[in-house]
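Below, read A as the first sequence line, B as the second, and so on, with proteins coming before strands; counting in each chain starts at 1.
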Number of protein chains: 2
Amino acid sequence: MSEQTLLQFVKSPPICVSLSIADVDSDFLGITPKHYPPDTVFDRQGDTRPRVFIIKSGWVCISRHLSNGNRQIIDVPLAGDVLFIPSLDGGGANSLTSLSEVSVFEISGQVFRKALDRHPMLSALFSRIIARQHSIAVERLTSVCRRNALERTAHYLLELGERLGAAGAITEHGYSCPLTQHDLADVLGLTQIHINRILRELRERELVSFRAGTVEFLSRPKLVNLAGFEGGYLHYNWTYGLHQIGASRQASHHPPARKTFKT
Amino acid sequence: MSEQTLLQFVKSPPICVSLSIADVDSDFLGITPKHYPPDTVFDRQGDTRPRVFIIKSGWVCISRHLSNGNRQIIDVPLAGDVLFIPSLDGGGANSLTSLSEVSVFEISGQVFRKALDRHPMLSALFSRIIARQHSIAVERLTSVCRRNALERTAHYLLELGERLGAAGAITEHGYSCPLTQHDLADVLGLTQIHINRILRELRERELVSFRAGTVEFLSRPKLVNLAGFEGGYLHYNWTYGLHQIGASRQASHHPPARKTFKT
DNA sequence: CGCAGACTTGAAGATTATCAACCACCGTGG
DNA sequence: CCACGGTGGTTGATAATCTTCAAGTCTGCG
């Protein structure tokens with residue numbers, strides 16, 4: 001990929017910190033995306049070659065495998081999300097695995113670095129992306145520390161809804177989601193068995209239903225209330241902050257193509 | 001502060017991602033630091049004015065107050081650490097509180113932005129700092145999710161040791177630490193009472209002693225083993241990654257002034 | 001059919017939280 | 001000087017939450 005295309009890529013107005021899904025949909029990057037079937041590890045823990053991945057479609061998880069055999073899912077990036085590897089994680093300590101059919105753009109660190117050197121304002125934009133990912137991680141950290149399994153699960157299902165909404169991948173009452181109960185457990189720091197009971201309770205209390213790959217909100221207001229959910233940390237209305245630098249030169253001209261639930 | 005001084009500030013070779021403590025010690029920034037007594041909230045949750053803080057000395061905590069009255073400590077930045085507010089957190093959702101006597105540099109977002117616009121390679125450097133903070137958050141997330149209270153506490157005390165080591169603030173066998181048991185609980189997602197018992201166990205098993213503001217390693221190898229501690233995520237030997245861009249122009253000329261424990 | 005993966009359920013056990021005291025230290029005001 | 005209150009730490013008893021073990025069910029698919 002040439003530097004020119006990368007610049008063009010960023011100039012086409014990004015939504016806040018994720019990319020406009022329309023932009024990712026077209027193959028404007030000038031490189032053809034790679035396709036992977038579900039359950040493919042396409043970036044193995046320990047690989048330290050710097051790269052950038054941009055998810056075109058499908059579900060991916062960033063996971064960490066501990067010495068005791070446990071797995072921790074750090075995040076589940078969605079279509080339009082940008083991943084910096086390995087700067088994001090503990091230095092090549094994470095793996096990327098497809099959870100569904102996915103197609104991703106992969107850009108070598110060398111090319112990316114060159115482009116950044118030439119067009120330094122990109123750097124500000126990308127630090128904005130990292131800051132957002134940090135913000136999401138911080139939210140999950142407090143969730144895991146200070147919310148019980150029920151609230152935590154509710155909170156996460158709401159988060160996924162918001163993020164998918166930004167990618168235009170929601171229906172009126174919910175969204176489809178290829179995560180297994182085991183995956184969900186590894187995201188939330190619980191066991192699959194416990195998640196199972198929690199999901200049952202959420203269903204029985206008529207809050208959300210997570211079944212057969214479909215999440216359906218039964219009473220979103222009650223759910224928001226239970227979880228104490230406030231979507232601000234997702235930065236979908238990022239209007240303040242240091243990170244306007246650079247990015248401010250390329251003001252957003254058309255509104256992002258996304259739906260959002262009313263809170 | 002002029003842009004010139006900010007540039008100079010960054011040119012004086014930073015250690016990886018924290019600043020050389022020697023650099024922060026001198027008042028080279030050209031601004032006088034502010035001093036706060038312990039337990040002062042010097043940046044309140046909800047304040048969205050963008051700013052950068054650099055900690056000159058003392059202990060600070062970044063905390064979040066939830067609606068249910070709980071507090072979650074996101075991180076405990078130490079001398080030499082750089083804080084971007086509010087881009088770091090969920091958008092002004094966090095507070096900064098001094099845990100000891102502290103002195104901090106405060107730079108307005110406006111000044112900072114101007115400097116970044118002029119010298120875009122700064123941006124790469126600072127995104128490197130954010131990436132490191134993210135990496136620390138990710139490590140704590142997995143710690144909280146997949147390590148029990150004993151391992152988690154051990155891990156955190158080791159982390160603090162490493163980070164203080166980089167700031168030159170450790171003795172041969174440990175370090176001094178103003179955190180109360182309650183603070184520690186809020187970092188690790190436990191209750192003060194439980195932390196108390198955990199600390200007792202760590203002491204009785206002759207691993208670490210946390211008492212009277214002093215942390216003393218009784219058997220660091222055993223502790224490392226218990227916690228499964230690997231310091232890589234702290235990025236003290238950051239030699240790879242996208243973030244060499246820009247920063248690579250200002251190669252490190254003198255080695256960082258820091259001590260590190262042997263593992 | 002028969003197998004495999006995902007999900008479900010029950011029972012028992014470990015971990016952590018909650019409630020309720022109590023101690024020890026320290027600075028303050030009488 | 002001592003009584004006093006406040007904060008931080010300690011301990012025990014009990015309860016809630018979550019995990020582990022064990023045994024299923026359901027469903028899609030070769």
Side-chain angles (χ1 to χ4, degrees), chain A residues 37-40 59 61 66 68-73 97-100 143-156 176-205 208-215 226, chain B residues 37-40 59 61 66 68-73 97-100 143-156 176-205 208-215 226:
Chain A
D39 296 312
T40 312
W59 292 59
C61 80
L66 305 186
N68 56 19
N70 273 141
R71 176 179 73 153
Q72 177 59 38
I73 294 182
T97 313
S98 58
L99 297 175
S100 65
S143 210
V144 161
C145 285
R146 295 296 175 218
R147 286 191 254 258
N148 63 26
L150 198 74
E151 298 163 347
R152 207 187 303 174
T153 308
H155 194 278
Y156 188 64
S176 74
C177 165
L179 295 185
T180 66
Q181 292 186 351
H182 197 95
D183 295 332
L184 206 49
D186 283 345
V187 169
L188 298 173
L190 300 166
T191 54
Q192 178 269 324
I193 295 167
H194 197 56
I195 271 285
N196 179 289
R197 299 191 227 269
I198 294 295
L199 289 175
R200 172 151 55 93
E201 186 171 348
L202 286 171
R203 216 180 308 124
E204 282 170 1
R205 287 169 61 171
V208 239
S209 143
F210 180 104
R211 280 208 130 148
T214 305
V215 174
L226 169 69
Chain B
D39 296 311
T40 312
W59 292 58
C61 80
L66 304 186
N68 57 19
N70 274 139
R71 176 180 70 152
Q72 177 60 38
I73 294 182
T97 313
S98 58
L99 297 175
S100 66
S143 210
V144 162
C145 286
R146 295 297 176 217
R147 286 190 253 259
N148 63 26
L150 199 72
E151 297 162 349
R152 207 186 303 172
T153 309
H155 194 278
Y156 188 64
S176 73
C177 165
L179 295 185
T180 66
Q181 291 186 349
H182 198 97
D183 294 331
L184 206 48
D186 284 345
V187 169
L188 298 173
L190 300 166
T191 55
Q192 177 270 323
I193 295 168
H194 197 57
I195 270 285
N196 179 288
R197 299 191 226 269
I198 294 296
L199 290 174
R200 172 151 55 94
E201 186 172 347
L202 285 171
R203 216 181 307 123
E204 282 170 2
R205 286 170 62 172
V208 239
S209 144
F210 180 104
R211 281 208 127 147
T214 304
V215 175
L226 169 69

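- Taking atom CZ of B:Arg152 as the reference point, atom C1' of C:dT15 lies 10 Å away to the nearest angstrom.
- Judged as a salt bridge (Lys or Arg N to Asp or Glu O under 4.0 Å), and not counting sequence neighbours, the contacts of A:Arg205 are A:Glu201.
- Residues forming a side-chain contact (heavy atoms from CB on, under 4.5 Å) with A:Pro178 (at least two apart in sequence, or on another chain): A:Trp59, A:Ser100.
- Under the side-chain contact (heavy atoms from CB on, under 4.5 Å) criterion, A:Ser176 pairs with no residue, sequence neighbours left out.
- One finds a side-chain N or O of A:Gln181 lying less than 4.0 angstrom from the OP1 or OP2 phosphate oxygen of C:dT8.
- Between A:Ser98 and A:Pro37 the shortest heavy-atom distance is OG-O, 2.6 Å.
- The two residues A:Leu99 and A:Cys61 come nearest to each other via the heavy atoms CD1-CB, 3.8 Å.
- Proximity of residues 183-194 of chain B to DNA chain D (heavy atom under 4.0 angstrom from any strand atom) is restricted to B:Gln192, B:Ile193.
- Here B:Thr214 pairs with nothing under the side-chain contact (heavy atoms from CB on, under 4.5 Å) rule; sequence neighbours left out.
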Tabulate protein N/O versus nucleotide N/O from nucleotides 24-26 of chain C, keeping only pairs under 3.5 Å, one per line.
none

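- Using a 4.5 Å heavy-atom cutoff, the side chains of A:Phe210 and A:Cys177 are in contact.
- Within the 4.0 Å cut-off from OP1 or OP2 of D:dG8, not a single side-chain nitrogen or oxygen of B:Arg211 is found.
- Contacts between residues 195-204 of chain B and DNA chain C, defined by a heavy-atom separation under 4.0 Å, are made by B:Arg197.
- Distance, A:Asn70 CG to D:dT19 C1': 12 Å, rounded to whole Å.
- Every residue two or more places apart in sequence or in another chain that forms a salt bridge (Lys or Arg N to Asp or Glu O under 4.0 Å) with B:Arg147 is listed here: B:Glu139.
- In this structure, A:His182 places its NE2 atom 12 Å from C1' of C:dG5, rounding to the nearest Å.
- Mapping A:Asp39 and B:Arg147 onto DNA chain C by nearest heavy atom places A:Asp39 at the nucleotide closer to the 5' end.
- Rounding to the nearest 0.5 angstrom, the gap separating the CG atom in A:Asp186 from the CZ atom in B:Arg146 is 5.0 Å.
- Rounded to a whole Å, the CG atom of A:Leu179 is 19 Å from the P atom of C:dG5.
- Residues satisfying the side-chain contact (heavy atoms from CB on, under 4.5 Å) test with B:Thr180, not counting sequence neighbours, are B:His182, B:Asp183.
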Only pairs under 3.5 Å count here: list side-chain donor-acceptor contacts from residues 187-196 of chain A, not counting sequence neighbours, and write none if there are none.
from     : atom 1 : to       : atom 2 : distance (Å)
A:Thr191 : OG1    : A:His194 : N      : 3.2
A:Gln192 : NE2    : A:Gln181 : OE1    : 3.0
A:Asn196 : ND2    : A:Gln181 : OE1    : 3.1

